[in-house]
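Positions are given from 1 along the sequence.
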Amino acid sequence: MRDYLLTLCVTAAVTYLLTGPVRKFAIATGAMPEIRARDVHREPTPRLGGIAMFFGLCAGLLVADHLQNLNSVFELSNEPRALLSGAALIWLIGVLDDKFELDALIKLGAQMISAGVMVAQGLTILWLPIPGVGVVSLTPWQGTLLTVALVVLTINAVNFVDGLDGLAAGMVCIAAAAFFLYAYRLWYGYTIEAAAPATLFTVILMGMCLGFLPHNMHPARIFMGDSGSMLIGLILAASAISITGQVDPDALKIFEGSTREATHAALPVFIPLVLPLTIIAIPMADLILAIVRRTWKGQSPFAADRGHLHHRLLEIGHSHSRAVLIMYFWSALIAFGTLAYSVHSASMWIVLCVVALSAIGLVLLLLPRFAPRAPRWAESVVPPRYRRRKRVPVVEVAPEPVAVEEERIPVPAGINGSTAIGNRARFTDRRKAGTPS
């Protein structure tokens, strides 16, 4: 755990220290697009934050390679090199998109190629543990298609949710934390070496997000752009692929005894099928709703709009920061609730806690609709928006007399025939002005 903490701190420090110079570089190169109709920020903000995040990834992998307890990941597996290759390609495409606004189909093709690069180097799904069936081996074509589909879906889900300051980085950091705890338990709890790459990927992903968040919280000084959102989406997908399709379920020795006991013991193996979906449940739901909404209107699924979940939270009446915190809350509840259930599936207290926290989340979600007001004895300790408005006495003010404009005598046309247009005279009567006639 000490080596993981060191890798996390180095990755976060490199990302944090490089974000400032990257911001100046983005301003100098003009990577500050104009405010679009769907944007919620009011001032042009530089992008290219993914540059600092990518170098944080490289620093984390370099440090881990020189640590005694983590060096075996690079010696026994080719997955770190596969991840770095795919991440470099998707990061380069993201940088070009942040500067030149590439077409959506070009980015989709680049995502597929990046996934193919990782598959070619061994980072692919080899088998699937299916409840009631057991372990199902996949053919190379099936594994490749499933891997590419998972990578593309995860990248676009993270990209779609990147609409508010600090939202994507925070949600991915929460998901990576839950995934790290699960992978670490498989490695040291079940002594499965195949779970080591996923453990390393998730801790580096946490460091990248934590190092970038101080610069990206509201009001954001820099955006990660597609170079950052597609990068962290690919790393998250690679972690799920590594621990889902590379860990052999037979190594856990759980398919023994009665059917009920084997099914109950196999829950930690089946959780990888659910956990990658739960940690990106909110981004994935946003992605599916966006595709359905845009297709229903006859638009392209890649057309941008203001119908995302975070936009709806702002429309309800939540502030920018509160909308982000609500999204954090639901992401943590789903991810860590699933993780806790995988550890103690027989405990009913976990289910009750999840239900209670869900009820609290719904109350917080609908809070602007209720517009609560605190009692008078508590007004001094609550924010001003929850205080009762003081009644201002109404003072009747007598209406001011309306000045009646004196009738002006029009001046007849002069010798040149020039007069004012309309009933208004061009010159006033000199006798009324007090001048001698």
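- Side chains of S239 and T202: no donor on one and acceptor on the other come within 3.5 Å.
- Contact check for V151 versus I155: side-chain heavy atoms found under the 4.5 Å cut-off.
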- [ ] Let me see the working for I204 and I235 under side-chain contact (heavy atoms from CB on, under 4.5 Å), right down to the final yes or no.
- [x] CA-CA 9 Å; I204 291 178; I235 300 175; 5.7 Å; no
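- The side chain to side chain donor-acceptor pair (under 3.5 Å) test applied to Q68 returns no partner, not counting sequence neighbours.
- Counting heavy atoms from C-beta outward, M224 and I232 have side chains that approach closer than 4.5 Å.
- Residues Y4 and V203 share a closest heavy-atom pair of O-CG2, 3.6 Å.
- No side-chain donor-acceptor contact under 3.5 Å links D165 to the backbone of P219.
- Here salt bridge (Lys or Arg N to Asp or Glu O under 4.0 Å) pairs that include residues 6-25, with residues two or more places apart or in two chains, number zero.
- Considering only heavy atoms from C-beta on, I51 comes within 4.5 Å of F25 through its side chain.
- Every pair passing salt bridge (Lys or Arg N to Asp or Glu O under 4.0 Å) that includes a residue from residues 220-241 is listed here, sequence neighbours excluded: K107-D226.
- Heavy atoms only, all atoms of each residue included: P197 and S77 are closest at CG-OG, 4.0 Å.
- Contact annotation: the side chain of L234 never approaches that of W91 to less than 4.5 Å [non-hydrogen atoms, C-beta and beyond].
- Contact check for N71 versus D65: side-chain heavy atoms found under the 4.5 Å cut-off.
- The shortest side-chain heavy-atom distance between N156 and Q111 falls under the 4.5 Å cut-off.
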